[in-house]
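Here it is, the structure in full.
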Amino acid sequence: MSKDTKFLLGIKDPNIKKVRIISDSQKKGPLEAQAVLDYRPKACLKCGVVNRKTIIRYGWRQVQVKLLRSSERDVILHLKKRNFKCKACQSYFLAVTTLTQRHHTISNNVRFACLEKLSEPVTVTHVAQELNVSNSTVVSVLKTYERDLLTHYDWLPSVICMDEIKSTKDANGSMSFVFMDGKTHQFIDILESRTLVSLEKYFKRYTKAARMSVKVIVTDMNYTYPELGSVFPKAIIVTDRFHVVKSAVVGFNQTRIRVMKQFATSNVKYKALKRYWKLLLKPNEKLDIKNYQHYSFIPGLHTQNQVVEEMLDFDPELRRAYEALHTLRSAIKYRDIPRLRQVLDSSNQFSEEIEKHFVRLRDSQASIENALKYQYSNGPLEGTNNKIKVLKHTAYGFGNFNNFRLRIHLMFKLKKGA
């Protein structure tokens, strides 16, 4: 019966004996059990003297140990621990067990379950209620995970994806820096600040061999990360293709809105540009050229391609902006570097809004061309950022950056068995 009870309660320590349930299973409340912890110590825990009949048994001490819930009931173990006395140093110590950490009354199984639940996007209060422990206990268990987060300053991946995310209230900067392995898509770390000074200070902690091994840095349109060339002398910069197209889309939409506002709100041209703006952003090859249907504010039956042509006839500047956007998008999609250079040529006459964004693209033209040569992108890191945002949202935000960082590492490493 004792072995079955130990298995039921999740007790694996062979030194814990005489385990039996003492509470009535039919009644409500916690499930209570009794057990005895006794063994012959090999040495004194205080002075380390080997036990050659120098350690004697010196009574008992009873403690309450919290175990994992069983059958939706809390489980409390009344553990009777043997107390010992060392004749060599005249000190006293209690018997220790693998069931709990020393000087703790919460079992290791509860701690492991706490870390497992903290890897999910839930609040600390939810975890505390699930395990019937206090919020401060959950936070204390979370902080014990920090010992496992050892940064190896002698290694960096050959491809690093870099991005930023909204930080916590107590962080040094408003945005935190996140980076991951561009090949394995493994999350590496999150830093409090994304400023160039703080990033250089952090990465210079790594050995020179580790920094020299970095060959590619993948970033968005942020101007800070390409300045890390002094830290990674052999790395080339690759600008994420999505952010290049997004920049052009924003410029085109600003042009469309300005052209639209040239007309009165009652004008059919204003209404058409406001309603069918999505067709203007749709790639040319995906526009329907076969099916005719009625479109509001445009008389007659038209295909999607004809509707786009009708709207582009409203203003020549809008047409040039449209051609610039889709030429750039086509160059990115088909990795056509000559076409990219043609559309980004400074001699082209585009709208003021398009030019404002194209100036930034021209400044990063070399890294954009690298994006067409290599397959790397910031897509996996953007997905990681979305998961971090979900964690932050469901946890009602974080006031402590260190706890925020630990939760992120738990979410991405514990689930992978790291």
Side-chain angles (χ1 to χ4, degrees), residues 163-166 174-175 194 219-226 239-287 295-298 302 304-334 336 339-369 371-372 377-379 382 385-386:
D163 205 355
E164 61 279 333
I165 193 170
K166 183 68 177 176
S174 60
M175 302 293 287
R194 63 169 178 174
T219 75
D220 53 14
M221 300 296 293
N222 191 300
Y223 65 89
T224 303
Y225 309 143
T239 300
D240 186 57
R241 294 179 290 275
F242 168 79
H243 289 88
V244 175
V245 176
K246 180 183 177 182
S247 179
V249 168
V250 172
F252 172 77
N253 266 329
Q254 292 172 345
T255 303
R256 176 188 62 83
I257 292 172
R258 178 176 58 79
V259 171
M260 181 182 71
K261 288 184 176 180
Q262 292 176 358
F263 307 106
T265 55
S266 58
N267 193 308
V268 293
K269 294 182 178 179
Y270 178 96
K271 295 179 179 180
L273 288 172
K274 187 172 184 178
R275 172 167 290 192
Y276 302 119
W277 61 272
K278 289 185 178 180
L279 288 180
L280 294 173
L281 298 182
K282 196 172 184 179
N284 294 326
E285 62 270 18
K286 292 186 178 181
L287 290 174
Y295 290 89
S296 301
F297 317 121
I298 299 178
H302 299 277
Q304 289 183 349
N305 187 64
Q306 290 175 337
V307 170
V308 169
E309 286 296 324
E310 287 280 345
M311 290 189 290
L312 294 181
D313 286 339
F314 295 165
D315 189 277
E317 203 169 27
L318 180 65
R319 180 178 289 276
R320 287 195 296 272
Y322 178 85
E323 292 172 352
L325 167 63
H326 289 279
T327 301
L328 177 67
R329 174 182 276 169
S330 176
I332 296 294
K333 180 178 180 179
Y334 297 106
D336 191 338
R339 182 180 292 186
L340 174 71
R341 292 173 178 172
Q342 177 185 357
V343 71
L344 292 181
D345 194 313
S346 58
S347 62
N348 293 325
Q349 298 296 321
F350 298 126
S351 65
E352 180 182 350
E353 296 82 3
I354 285 284
E355 277 297 317
K356 179 181 177 181
H357 290 273
F358 272 26
V359 167
R360 291 187 61 195
L361 296 183
R362 292 185 190 111
D363 293 339
S364 306
Q365 188 165 340
S367 59
I368 295 174
E369 291 182 10
L372 305 189
S377 76
N378 256 9
E382 294 292 345
N385 282 350
N386 286 336

Contacts table for residues 311-322: side-chain donor-acceptor under 3.5 angstrom, sequence neighbours left out:
unit_1, atom_1, unit_2, atom_2, d
Asp313, OD1, Arg319, NH2, 2.7
Asp315, OD1, Glu317, N, 2.8
Asp315, OD1, Leu318, N, 3.3
Glu317, OE1, Arg258, NH1, 3.4
Glu317, OE1, Arg258, NH2, 2.9
Arg319, NH1, Glu309, OE1, 3.3
Arg319, NH2, Glu309, OE1, 3.2
Arg320, NE, Gln349, O, 3.4
Tyr322, OH, Asn284, OD1, 2.6

Spacing of Asn253 atom CG and Arg256 atom CZ [to the nearest 0.5 Å]
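So the gap between those two atoms works out to 5.0 Å.
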Quick check against the 3.5 Å criterion: does Asn348 have a side-chain atom that pairs as donor or acceptor with the backbone of Asp345?
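At least one qualifying donor-acceptor pair exists.
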Minimum heavy-atom distance Tyr270-Ala264, with the two atoms named
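That closest heavy-atom pairing would be CB-O, 3.2 Å.
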Would you mind writing out the side-chain donor-acceptor pairs for residues 272-280 within the sub-3.5 Å range, not counting sequence neighbours?
unit_1, atom_1, unit_2, atom_2, d
Arg275, NH1, Ser296, OG, 3.1
Tyr276, OH, Ser296, N, 2.8
Tyr276, OH, Ser296, O, 3.4

Do you know the tightest heavy-atom contact between Ala248 and Leu328?
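Looking at all heavy atoms of both residues, the shortest contact is CB-CD2, 3.4 Å.
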With rounding to the nearest 0.5 Å, note down the distance linking CD in Glu164 to OG1 in Thr219.
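Answer rounded to 0.5 Å: 9.0 Å.
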Give me each pair satisfying ring pair (Phe, Tyr, Trp, His ring centres under 6.0 Å) with a member in residues 240-265, each pair once, sequence neighbours excluded.
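Every pair satisfying ring pair (Phe, Tyr, Trp, His ring centres under 6.0 Å) with a residue in residues 240-265: there are none.
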Could you list the residues that satisfy side chain to side chain contact (heavy atoms under 4.5 Å, CB included) with His357, not counting sequence neighbours?
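Residues passing side chain to side chain contact (heavy atoms under 4.5 Å, CB included) with His357: Ser247, Val250, Gln254.
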Using only atom types and a distance under 3.5 Å, with no angle test, would you say the side chain of Arg329 pairs donor to acceptor with the backbone of Val249?
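Judged by distance alone, no pair lies under 3.5 Å.
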Return yes if some donor-acceptor pair links the side-chain N/O of Arg241 with the main-chain N/O of Ile332 below 3.5 Å, else return no.
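It does not hold such a pair.
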Nearest heavy-atom pair of Val343 and Phe358: which atoms, and what distance?
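Looking at all heavy atoms of both residues, the closest pair is O-CE2, 3.7 Å.
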State which residues pass salt bridge (charged side-chain N to carboxylate O under 4.0 Å, His left out) with Glu310; sequence neighbours excluded, sorted by chain then number.
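Partners of Glu310 by the salt bridge (charged side-chain N to carboxylate O under 4.0 Å, His left out) criterion come out as none, since no residue qualifies.
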Between Arg362 (side chain) and Leu344 (backbone), is there a donor-acceptor pair under 3.5 Å?
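Pair found, side chain donor or acceptor close to backbone of Leu344.
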What residues form a salt bridge (charged side-chain N to carboxylate O under 4.0 Å, His left out) with Glu352, not counting sequence neighbours?
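If we apply the salt bridge (charged side-chain N to carboxylate O under 4.0 Å, His left out) test to Glu352, skipping adjacent residues, there are no hits.
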Under the side-chain contact (heavy atoms from CB on, under 4.5 Å) rule, what do Lys269 and Gln262 come out as? Steps first, then yes or no, please.
CA-CA 10 Å; Lys269 294 182 178 179; Gln262 292 176 358; over 6 Å; no
How long is the span from the OG atom in Ser330 to the CG atom in Leu325, to the nearest 0.5 Å?
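Reported value, rounded in 0.5 Å steps: 11.0 Å.
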Using 0.5 Å steps for rounding, measure from the NZ atom of Lys271 to the OG atom of Ser266.
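Lys271 atom NZ to Ser266 atom OG measures 6.5 Å (nearest 0.5 Å).
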Within this structure, what is the CG-CG distance for the pair Leu340 and Asp336, rounded to the nearest 0.5 Å?
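The CG atom of Leu340 sits 8.5 Å away from the CG atom of Asp336.
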Using only heavy-atom distances, determine whether the side chains of Arg194 and Thr224 contain a donor-acceptor pair under 3.5 Å.
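No - no donor-acceptor pair under 3.5 Å links their side chains.
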Does a donor on one side chain sit under 3.5 Å from an acceptor on the other, for Tyr295 and Gln306?
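Result is no, nothing qualifies.
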Does any N or O in the side chain of Asn378 come within less than 3.5 Å of the main-chain N or O of Asp240, such that one atom is a donor and the other an acceptor?
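Side chain of Asn378 to backbone of Asp240: no pair is present.
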Closest approach of Thr239 to Ala371 (non-hydrogen atoms, all atoms of both residues)
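Taking Thr239 first and Ala371 second, the nearest heavy atoms are O-CB, 3.0 Å.
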